[in-house]
Amino acid sequence: MNFALRVKMLKPSPTLSISAKANALKAEGRDIIGFGAGEPDFDTPEHIKEAAIAAIKAGFTKYTAVAGIDELKDAIIQKLQKENGLSYKRAEIVVSSGAKHSLYNIAQVLFEKGDEVIIPGPYWVSYTDIVQLAEATPVIIETGEESGFKVSPDDLEKAMTKRTKAVIFNSPCNPTGATYSESEIRALAEVIASRDVIVISDDIYEKILYDDQIFFNMANVDEELKRKTIVVNGVSKTYAMTGWRIGYAAGSQDIMSQVANIQSQNTSNATSISQKASVAALMGKQDEVFIMVEEFRKRRDYIVSRLNAIEGVRCSKPAGSFYVFPNLSGFYGRRSFMGKKVSGSDSITEYLLEEANVAVVPGAAFGDDRHVRISYATSMANIEKGMNRIADALAKLD
Ligand code: PMP
Ligand code: GLU
């Protein structure tokens with residue numbers, strides 16, 4: 001089959017395929033510890049499930065308005081106002097089938113051939129493909145451990161060209177957990193303020209934040225930056241609702257009406273039942289969110305200390321998200337007892353899966369081959385067992 005060029009360039013999401021591979025091996029009976037999946041291991045809170053059941057029973061099972069039901073838009077507006085200090089109207093909100101879908105729609109609306117989109121790296125695996133599917137060019141700003149995986153205003157300035165259409169910010173970041181403070185965001189905003197550039201702020205890990213960090217968005221800087229920013233968020237991570245597929249975007253009405261148009265020609269509305277459940281998530285009690293975040297914090301502390309106790313591993317302590325991104329490059333060039341050389345993040349991931357029955361995601365997928373990503377959205381017992389296995393397997397390399 002002669003497939004379209006866009007498909008030939010496309011790679012399947014590595015995070016999703018590693019989770020699928022780990023699950024397939026488990027189904028074959030292998031005792032795999034999965035550190036691949038970027039989804040909370042907690043169950044969706046009961047009152048959210050109840051709202052979905054009530055929606056089904058009430059027959060709320062038909063098409064809805066493409067951009068989302070008013071009740072959910074109002075809940076989102078209220079959330080953005082109360083928690084983020086940002087005011088939006090209904091026409092400035094579009095609800096989609098996950099934040100990934102929001103990002104995809106936005107890219108289709110704004111980007112075309114010749115446009116450049118700046119992405120600080122390490123970056124979430126889908127940004128580059130979403131940009132390329134819109135025929136634009138991703139421009140990666142490489143950061144590293146030394147800078148806490150954060151871009152400086154100078155880095156951002158240097159990456160800007162006449163062709164720069166947008167910058168994608170993701171704080172807390174997947175995969176590094178790096179989180180920008182208000183002053184860091186304000187300094188970056190100064191570079192953006194004078195330019196005709198759009199900011200896409202992916203806030204999906206907003207609530208998975210530790211150590212009294214305060215979340216701050218580029219749109220909070222001033223009215224000018226708010227006008228330039230599209231806020232993307234969703235219920236997947238905060239409410240353990242990955243399978244429900246609800247994300248949303250908030251931005252200026254001219255952009256959001258085009259986002260709704262694109263959506264009207266591909267998926268139509270996001271699932272009616274999930275929309276009702278998301279109203280309950282946003283408007284209902286939030287205590288389970290705090291319980292989850294506190295549990296994530298304990299796991300983070302444990303996993304970071306275990307990793308740093310392994311000779312040859314270096315792992316910084318992230319301020320947000322549920323990932324750690326240890327540097328394993330000290331092991332590259334060493335050999336397993338089978339004589340196989342570990343040469344980079346792909347091969348060390350393969351080695352850990354084969355030797356230790358542990359699934360991690362290679363850093364190369366996020367643009368940094370020196371690291372691997374470990375998701376600690378799994379039980380403490382699994383983390384303990386997985387860390388023992390990783391320590392043993394790495395010690396065997398020589
Ligand atoms: N952005 C980032 C950084 C993510 O890690 C994810 C995880 N899937 C998403 C967006 C998309 O989330 P969802 O489509 O489940 O809302
Ligand atoms: N975002 C999550 C991750 O990075 C879920 C998988 C995906 O959508 O890529 O693992």
Side-chain angles (χ1 to χ4, degrees), residues 10-23 34-41 44 68 72 76 94-107 119-131 133 138 149 167-180 200-209 215 217 230-250 263 267 270-271 274-275 277-278 281-282 296 318 320-325 349 359-368 371-378:
L10 190 66
K11 56 179 187 326
S13 164
T15 43
L16 291 180
S17 43
I18 281 167
S19 310
K21 188 167 173 190
N23 287 339
F35 287 133
E39 64 177 346
D41 52 315
T44 305
L72 178 54
I76 292 165
V94 175
V95 176
S96 298
S97 303
K100 189 186 276 185
H101 187 212
S102 304
L103 291 163
Y104 183 85
N105 285 341
I106 293 165
I119 303 171
Y123 48 82
W124 178 44
V125 294
S126 291
Y127 293 150
T128 41
D129 289 84
I130 286 173
V131 167
L133 279 166
F149 298 109
V167 184
I168 303 180
F169 274 110
N170 175 220
S171 168
C173 170
N174 175 4
T176 63
T179 305
Y180 290 81
I200 299 170
S201 182
D202 179 349
D203 300 353
I204 197 90
Y205 296 99
E206 173 190 10
K207 293 289 174 72
I208 326 275
L209 206 54
F215 180 78
N217 186 299
I230 306 173
V231 172
V232 175
N233 207 329
V235 295
S236 285
K237 317 284 172 175
T238 306
Y239 301 101
M241 289 177 71
T242 45
W244 298 74
R245 310 309 301 131
I246 295 288
Y248 58 86
Q263 184 161 300
T267 56
T271 309
S274 296
Q275 289 191 63
S278 299
L282 292 171
F296 282 141
S321 81
F322 39 64
Y323 308 105
V324 283
F325 202 56
T349 297
V360 301
V361 187
F366 307 93
D368 194 333
H371 298 254
V372 299
R373 188 189 80 175
I374 297 178
S375 160
Y376 50 89
T378 185

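Note that the coordinates shown come from a computational prediction; the quantities given were computed from them, not determined experimentally. Throughout, residue positions are numbered sequentially from 1 according to the sequence presented. Order of appearance sets the numbers: ligands from 1, and atoms from 1 within every ligand.
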What protein heavy atom sits nearest [atom], and how far off is it?
{"atom": "atom 2 (C) of ligand 2", "result": "Lys237 NZ, 3.4 Å"}
{"atom": "atom 16 (O) of ligand 1", "result": "Ala99 N, 2.7 Å"}
{"atom": "atom 10 (O) of ligand 2", "result": "Arg373 NH2, 2.8 Å"}
{"atom": "atom 6 (C) of ligand 1", "result": "Trp124 CZ2, 3.6 Å"}
{"atom": "atom 7 (C) of ligand 2", "result": "Thr15 OG1, 3.4 Å"}

Is the backbone of [Y] close enough, under 3.5 Å, to the side chain of [X] for a donor and an acceptor to pair up by distance?
{"X": "Asn170", "Y": "Asp202", "value": "yes"}
{"X": "Ser274", "Y": "Trp244", "value": "yes"}
{"X": "Arg373", "Y": "Thr176", "value": "no"}
{"X": "Thr242", "Y": "Ser236", "value": "no"}
{"X": "Ser201", "Y": "Asp203", "value": "no"}
{"X": "Gln275", "Y": "Ala270", "value": "yes"}
{"X": "Lys237", "Y": "Gly38", "value": "yes"}

Requested in this report: Hey, could you give me the CD/OG distance between Glu39 and Ser19, rounded to the nearest 0.5 Å?
Outcome: 7.0 Å

Numbered atoms and elements of ligand 2 in range of [X], under 4.0 angstrom, heavy atoms:
{"X": "Leu16", "answer": "6 (C), 7 (C)"}
{"X": "Asn174", "answer": "1 (N), 3 (C), 4 (O)"}
{"X": "Lys100", "answer": "7 (C), 8 (O), 9 (O)"}
{"X": "Ser13", "answer": "9 (O)"}

Do the side chains of [Y] and [X] get nearer than 4.5 Å, heavy atoms only?
{"X": "Phe296", "Y": "Pro40", "result": "yes"}
{"X": "Tyr239", "Y": "Leu282", "result": "yes"}
{"X": "Trp124", "Y": "Ile119", "result": "no"}
{"X": "Pro172", "Y": "Ile208", "result": "no"}
{"X": "Phe366", "Y": "Val125", "result": "yes"}

Can an N or O of [X] be found at a distance shorter than 3.5 Å from an N or O of ligand 1?
{"X": "Ser97", "value": "no"}
{"X": "Lys100", "value": "yes"}
{"X": "Tyr205", "value": "yes"}
{"X": "Gly247", "value": "no"}
{"X": "Arg245", "value": "yes"}
{"X": "Lys237", "value": "yes"}

**Report entry** Region of Phe322 engaging ligand 1 - heavy atom pairs below 4.0 Å
**Finding:** neither

Query raised in the report: Can you tell which part of Glu39 has a heavy atom less than 4.0 Å from ligand 1: side chain, backbone, both or neither?
Result: neither

Show the atoms of ligand 1 that are less than 4.0 angstrom away from any heavy atom in [X].
{"X": "Asn170", "answer": "3 (C)"}
{"X": "Ser236", "answer": "13 (P), 15 (O), 16 (O)"}
{"X": "Asn174", "answer": "3 (C), 4 (C), 5 (O)"}
{"X": "Tyr127", "answer": "3 (C)"}
{"X": "Gly98", "answer": "14 (O), 16 (O)"}

Query raised in the report: Given that the side chain starts at C-beta and the backbone is N, CA, C, O, which of these parts of Phe366 lies under 4.0 Å from ligand 2, counting heavy atoms, or is it both or neither?
Result: neither

Query raised in the report: Just by distance, with hydrogens left out, do Ser96 and Gln263 show a side-chain donor and acceptor under 3.5 Å apart?
Result: yes

Report task. Just go through Ile168, Thr15, Asp202, Ile130 and tell me whose heavy atom is the nearest to atom 1 (N) of ligand 1. Result -> Asp202

Query raised in the report: Do ligand 2 and Ser126 have nitrogen or oxygen atoms that lie under 3.5 Å from each other?
Result: no

Query raised in the report: Has ligand 2 got any nitrogen or oxygen that is less than 3.5 angstrom from a nitrogen or oxygen of Ala37?
Result: no

Query raised in the report: Quick one: are the ring centres of Tyr205 and Tyr323 less than 6.0 Å apart?
Result: yes

